[in-house]
Colleague: 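The structure under discussion is supplied below as C-alpha cells; questions concerning it will follow.
Just so it is clear, the structure is predicted and the values come from calculations on it, not from any experiment.
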Amino acid sequence: MAIENTRNTRAWGRSRPGLAVAIAATIVPFTMLMNGGCNPNALDSPTGAGDTSPGEQPDGDAPAPGSDVGDDPPSTTPTLAFGAIGDYGDDDDNSREVADLVKGGSPDFIITVGDNDYSDGAFRGTFEGLELGVGQYFHEFIGDYAGSRGPGSPENRFFPTPGDHDWGDTCDDPRGLDDYLSYFTLPDENSGTERYYDFRQGSVHFFAIHSIEGCEPDGVTDSSVQAQWVRDTALASDATFKVAYFHNPPYSSGARHIDGGAHMRWPWKDWGFDLIMSGDDHVYERIVRDGVTYLVIGLGGLDLHEFVDDPVAGSVVRFAEDHGALRATVFDDRMEFSFITAGGTKVDSFSIHRDGDSGSTDGTPTGVLDPGVAPVTEGDWYRPTAGTSWQWQLQPGAGGSINTSYDVEVYDIDLFDVDKTLIDQLHGEGRKVVCYFSAGSFEDFRQDAGSFNTADLGNTLDGFANERWLDIRSSDVHAIMLDRLDLAVQKQCDGVEFDNIDGHANNSGFDLAANDQLAFNRFLANEGRRRGLAVALKNDLAQIPDLVAYFDMIVNEQCHEFGECALLQPFLDADKPVFNAEYASRFVEDASERQALCDDARSQGLQTLVLPLDLDDSFRFSCDP
C-alpha cells in the first residue's frame, strides 16, 4: 500500500562515543540518586539542585539547549513551603511516621486530601476520632484548637478536605460533618461554607473541594453550585498558580478506586488549574493529562493498595511500596514537589513552572524515574526467540510502499508512517510487527512534535538537522512516550523499537547520568510490556547487562563493523534475538566480504542484514540460511 513519506531522506546509522568510557560509567545507587546523586550540595533539593539543568547556561557564551536569550534566571529563594498528605488519620506507627516526615520539612502549612479520621467504630467521624487521627500529630498547626493534645496555632495552618471516612463512612450518619466542621477553623469568607473553601498563600491560590458523591448539598458535578463557585473564583484569580485538592481521584491506576472519582473530571485546564491532588486510593501516582498534573497521594498511613495491570493514560510514576507524603516548595517562578517515603526515599520529584509572559504554567514537570525498578515479567506479549528472522524498512521504497514479500517472522516498520491497514495485512500473512519510534530524540516532522516543550530539546544529533536530543528526565517527555506506546497498541503492533536511548553517552546538551538512562530505558520497557507489547532495545551496548531482563530483543547497527558483536551475547544467552544491520559498502559490493560477514554472523547466532542507510529497501542481503 502507498505511504505518505513525511520523513526527510536520512541515514539511520548512529555515530558512537568511546564505548569503553560508556561501559566504565558508574551506576549511582538509587538511594543516592534520589538525594541528588553524588553532589553533596544537592542533597535537599527536590530537583537535584547543583546539577546543570536545561535552563541553565553551560560553559561558554552559547545559551543552553531549550533556553531563550534574555530569559530571567530562575528564582533561588523559596517563598513558601507546604506538606500534603491523605488517608492518614489513625492512631498507629505508620500515621505517626508520616506525620513526623511532614513536620520534618518545616512547612508553613499542611493540606490534606481527606480521610482525616480513620479511627475505629464509634469514634469515627467524631471529635474523639479526630483527636486520635489528627490532633495528636498536628495540633500545633490547627487554629482555634479545642483539643487536649498540646498547644494549637495562633493562626490556622492546617487545611483539610473531607473524605468518606470523615462522614463516619456514610452520608446518612446523623452527625454528618458536624464534629469535623467544629474541630477545624477553615476560611469560609468566599464560599460561605467550610465544607469547601479557598485560600491564597503567596503566589498560589488553593481550592479545597468536597468531592464525596451524595454527601455534598451543593453537588459535585462540573455544573454543580460548588463547581461553578470554583470556576468563577479561579477565573477571576490573578494568582500565578492554582491548585485544587479533594478526596476522590479523577484519574487513578489504583485497583480500588480506578473510576471512583470520574465525577471530578472537571475542566480544570479551562479554569486555569495547574495541579490537582487527591487520595482515596492508598498509592502514589503522578499523571499528566492535557497539560495538567494530577497526583494521588493516599499513602498517609493506612493499608497499602495495589495498581491495576494497565495504568491509565498519562500515568508517569506509580508507587505503593511504603507510606509517605508530598513536600512542596514555592518560588516566584515555579513550584517544586517531592514525594518522600517515611523511610526517607525520594520516590518522585517534579516542578511546575510559570510562563514568564503570561503568568500561567508551561506544564512541564521534571520527573525522577527509579533505575532500580524490577522488570515486568508477568503478562501476555509476543516473546521472540534467538534465530527469529526479520526485515527492517522504515521508509517506503521506490514504489512508495513497504515491501511485504519477504518470508520472515518479524517486520520492523515506522510507527507513525505506516497505516494500520498494512499492519493488518502483515498479520494476515502470519508476520509479527514491531513499530519503530525514537524515544530519545525530537523529530520536527512527527505528528506529535508540537507536544514537546522547548526546554526539553537539547543538541542536534550529528548529521540530522531536524532531530534533537531529549531531556529524558522530563515528565512531559515521559508522558509523550506513553502516548506513543498507546498509539502502538491502537495500531495493534506486536512490539516496539525505541531508538536513540543512549543519550547519556552522547553530546545531548543535558547532564544525563548513566542512571538517568537506565531508569528511562527500564521505564519504557516496563510500560511497553504492561501494554502487551514486546520491547526492543536499540544499541546502548554499555548497559546491556543491566537491561537484558527488561527487553525482549535488541536491534543493533554495525556490530561487525565496529567489533562489538560480543557485547550482544547476553541477549543470545537469554534466548532472545539479536537483530543486526550492516551498512558498509564493501558488504554490498564484494560478495566475498559479504560471505565472510554472514559466516561470522551465523557462527555467533546473529540475525544480520546488509541494508541501505536510508532503510528504504533499495537493496537487501540476508545472512539467514
Side-chain angles (χ1 to χ4, degrees), residues 12-25 27 375 382-392 394 408-412 432 434 436 438-440 495-506 514 517-518 520-522 524-525 528-529 534-584 587 593-611 613 615 620-625:
W12 295 86
R14 300 296 182 208
S15 60
R16 314 170 135 55
L19 187 62
V21 174
I23 292 175
I27 304 295
Y382 171 55
R383 306 188 190 210
T385 57
T388 298
S389 57
W390 75 306
Q391 163 62 353
W392 198 19
L394 298 184
V408 296
E409 182 172 334
V410 170
Y411 263 77
D412 189 341
K432 297 294 185 182
V434 171
Y436 164 99
S438 181
V496 284
E497 175 202 339
F498 306 113
D499 199 6
N500 297 309
I501 52 175
D502 55 357
H504 73 296
N506 285 275
Q517 193 70 61
L518 192 66
F520 183 63
N521 293 358
R522 288 177 170 177
L524 292 171
R529 284 179 169 180
V535 287
L537 181 65
K538 180 67 171 292
N539 298 325
D540 195 18
L541 304 187
Q543 294 189 329
I544 283 177
D546 299 307
L547 292 172
V548 64
Y550 296 77
F551 286 85
D552 303 296
M553 63 196 109
I554 185 169
V555 177
N556 183 72
E557 293 169 298
Q558 298 175 280
C559 80
H560 297 279
E561 179 75 11
F562 292 102
E564 297 168 349
C565 295
L567 297 172
L568 306 169
Q569 188 62 39
F571 274 88
L572 297 173
D573 291 342
D575 195 25
K576 298 177 180 181
V578 173
F579 299 133
N580 179 60
E582 298 290 330
Y583 308 123
F587 299 138
E593 287 278 356
R594 189 164 62 251
Q595 184 62 53
L597 165 72
C598 289
D599 289 344
D600 185 27
R602 286 194 289 268
S603 71
Q604 296 188 63
L606 311 178
Q607 307 309 119
T608 292
L609 302 177
V610 178
L611 298 171
L613 277 167
L615 297 177
R620 176 184 186 270
F621 299 98
S622 173
C623 289
D624 288 350

Colleague: Is there side-chain contact between M553 and W390, with at least one heavy-atom pair below 4.5 Å?
Modeller: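 With C-beta onward as the side chain, the pair stays apart.
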Colleague: Between S389 (side chain only) and E409 (backbone N and O only), is there a donor and an acceptor less than 3.5 Å apart?
Modeller: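 Yes.
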Colleague: Do K432 side-chain atoms and Y382 backbone N/O form a donor-acceptor pair below 3.5 Å?
Modeller: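 No, K432 side chain to Y382 backbone: no donor-acceptor pair under 3.5 Å.
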Colleague: What heavy-atom pair brings V434 and V410 nearest, and what distance separates the two atoms?
Modeller: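 Shortest heavy-atom separation between V434 and V410 comes out as CG2-CG1, 3.8 Å.
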Colleague: Distance from Y436 atom OH to W392 atom CH2, nearest 0.5 Å?
Modeller: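 One gets 7.5 Å once the value is rounded to the nearest 0.5 Å.
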Colleague: So F621 and L609, side-chain contact (heavy atoms from CB on, under 4.5 Å) or not? Walk me through it.
Modeller: CA-CA 6 Å; F621 299 98; L609 302 177; over 6 Å; no
Colleague: Look up atom CZ in F587 and atom CD in Q558, then write down how far apart they are to the nearest 0.5 Å.
Modeller: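 Spacing of CZ (F587) from CD (Q558) equals 9.0 Å.
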Colleague: Sub-3.5 Å donor-acceptor pair from the side chain of D552 to the main-chain atoms of A536, do we have one?
Modeller: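 Not a single qualifying donor-acceptor pair exists.
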Colleague: Would the distance check show the side chain of E582 and the main-chain N or O of C559 forming a donor-acceptor pair, the cut-off being under 3.5 Å?
Modeller: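 Yes; judged by distance alone, with no hydrogens or angles, the pair exists.
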Colleague: Please enumerate all residues that pass side-chain contact (heavy atoms from CB on, under 4.5 Å) together with A525, with sequence neighbours excluded.
Modeller: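 A525: side-chain contact (heavy atoms from CB on, under 4.5 Å) contacts with V535, Y550, F551.
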Colleague: How would you list, by chain and number, every residue that makes a side-chain hydrogen bond (donor to acceptor under 3.5 Å, both in side chains) with D573, sequence neighbours excluded?
Modeller: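 side-chain hydrogen bond (donor to acceptor under 3.5 Å, both in side chains) list for D573, sorted by chain: Q569.
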Colleague: Let me know which of N580, L611, L613, N539 forms a side-chain contact (heavy atoms from CB on, under 4.5 Å) with E557.
Modeller: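 Only one of N580, L611, L613, N539 forms a side-chain contact (heavy atoms from CB on, under 4.5 Å) with E557, namely N539.
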Colleague: Can you see which heavy atom on G605 is nearest to which on L572, and at what distance?
Modeller: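 Scanning both residues completely, I find the closest heavy atoms to be O-CD2, 3.4 Å.
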Colleague: Sort out for me which residue in N556, T388, D624 forms a side-chain hydrogen bond (donor to acceptor under 3.5 Å, both in side chains) with Q607.
Modeller: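 By the side-chain hydrogen bond (donor to acceptor under 3.5 Å, both in side chains) criterion, Q607 pairs with just one of N556, T388, D624: D624.
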Colleague: Decide side-chain contact (heavy atoms from CB on, under 4.5 Å) for F579 and D412; before the verdict, give the C-alpha distance in whole Å, the side-chain angles of both, and the deciding distance to 0.1 Å.
Modeller: CA-CA 10 Å; F579 299 133; D412 189 341; over 6 Å; no
Colleague: For the side chain of Q391 and the backbone of R620, is there at least one donor-acceptor N/O pair under 3.5 Å apart?
Modeller: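 Pair absent, no side-chain N/O of Q391 close to backbone of R620.
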Colleague: Identify the two heavy atoms, one from A584 and one from E561, that lie closest to each other, and give their separation to 0.1 Å.
Modeller: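 Nearest heavy atoms, A584 then E561: CB-OE1, 3.5 Å.
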Colleague: Looking at L606 and C565, what are the two nearest heavy atoms and their distance?
Modeller: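 Heavy atoms only, the tightest pair is CD1-SG, 3.7 Å.
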Colleague: Report yes or no: does R383 contribute a side-chain atom to a donor-acceptor pair with the main-chain N or O of A534 at less than 3.5 Å?
Modeller: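 Absent.
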Colleague: Working to the nearest 0.5 Å, report the span between CD1 of I501 and CZ of F520.
Modeller: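 Rounded to the nearest 0.5 Å, the CD1-CZ separation comes to 7.5 Å.
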Colleague: Rounded to the nearest 0.5 Å, how far apart are CD of E497 and CD1 of I554?
Modeller: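 Reported value, rounded in 0.5 Å steps: 10.0 Å.
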Colleague: Out of curiosity, S622 OG to R594 CZ, how far, rounded to the nearest 0.5 Å?
Modeller: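 One finds 11.0 Å between OG of S622 and CZ of R594.
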Colleague: Would you mind telling me which of L567, D502, L547 makes a side-chain contact (heavy atoms from CB on, under 4.5 Å) with L541?
Modeller: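 Output: one option passes, namely L567.
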Colleague: Would you name the heavy atoms of A514 and Q543 that are closest together and state the gap between them?
Modeller: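 Scanning both residues, the minimum pair turns out to be O-NE2, 2.9 Å.
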Colleague: As an exercise, state the distance from CG of L537 to NZ of K576, rounded to the nearest 0.5 Å.
Modeller: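 Atom-to-atom, L537:CG and K576:NZ are 10.5 Å apart.
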Colleague: Can you give me the closest heavy-atom contact between P577 and P384, atom names plus distance?
Modeller: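 What the structure gives for the nearest pair is CD-O, 3.4 Å.
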Colleague: Can you list the residues that meet the salt bridge (Lys or Arg N to Asp or Glu O under 4.0 Å) rule with R522, with sequence neighbours excluded?
Modeller: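 If we apply the salt bridge (Lys or Arg N to Asp or Glu O under 4.0 Å) test to R522, skipping adjacent residues, there are no hits.
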